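Structure, as structure tokens:
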Amino acid sequence: MKKLLLVFAIAFAAVCAFGQDSQDMVAQCSLSSGDNTTAIKNFVIKLPGSASADDQPVHKANMYLMKNQTYRFTMCNADNSEGELVFTLYDNQKQIISSYVEKSGNIYSSVDFSCNKTGLYQLWYNFKDGKKGFGVGIVSIVR
């Protein structure tokens with residue numbers, strides 16, 4: 001019985017530690033969005049790695065965005081993340097913006113989007129080159 005309680009206590013501590021780490025990451029990433037923003041949504045992203053370029057894991061979410069609003073999408077990586085978090089915004093399967101610029105190879109930690117059409121948009125988060133990763137994505141309104 002003592003062993004069972006010990007195993008349960010260790011498992012509970014591990015879950016709490018992971019939750020606290022992700023809460024701290026969300027708070028830090030929200031602060032890095034800028035003083036002129038209001039955070040409206042956050043995503044904690046943990047994805048496994050993939051050896052195949054065609055089968056890279058992606059965290060997908062839908063979000064309703066309003067016309068005449070400017071949104072900032074901020075990405076932060078955990079210190080122990082192998083991959084670098086990339087954000088891409090789609091409207092009806094058409095890429096609108098991305099934090100990764102393929103021509104230059106640059107990955108930006110945040111991108112702004114001035115919405116000119118109210119509607120449902122698709123947010124995709126993945127790690128560059130399909131690497132295993134852990135990070136946070138923050139969606140904010142720019143004031």
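Not measured: the values here are computed from a predicted model. When a residue number appears, it is its place in the shown sequence, counting from 1.
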ILVMFWY cluster, V142 and L89 together (side-chain gap under 4.5 Å):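 V142 does not cluster with L89.
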Cluster link Y121 to I97, ILVMFWY, side chain under 4.5 Å: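 Looking at the clustering, I97 is in the same group as Y121.
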Quick one: closest heavy-atom pair of [X] and [Y], and the distance?
X: K41; Y: M63; value: CB-CE, 3.8 Å
X: F134; Y: S22; value: CZ-CB, 4.2 Å
X: Y125; Y: I138; value: OH-N, 4.5 Å

Hey, mind stepping through Y64 and T118 against side-chain contact (heavy atoms from CB on, under 4.5 Å) and telling me if it holds? CA-CA 7 Å; Y64 196 74; T118 296; 3.2 Å; yes
I'd like to know if the side chain of T88 reaches the main chain of S98, judged simply by a donor and an acceptor atom lying under 3.5 Å from each other, with no hydrogens or angles considered.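 Side chain of T88 to backbone of S98, a donor-acceptor pair under 3.5 Å: no, none is there.
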Would you say R72's side chain and S33's backbone share a donor-acceptor pair under 3.5 angstrom?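 Such a contact is found between R72 side chain and S33 backbone.
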When you compare the side chain of [Y] with that of [X], does any pair of heavy atoms fall below 4.5 Å?
X: S30; Y: N42; answer: no
X: W124; Y: V86; answer: no
X: F73; Y: S99; answer: no

Apply side-chain contact (heavy atoms from CB on, under 4.5 Å) to residues V44 and M25 and explain how you reach the verdict. CA-CA 9 Å; V44 177; M25 281 183 53; over 6 Å; no
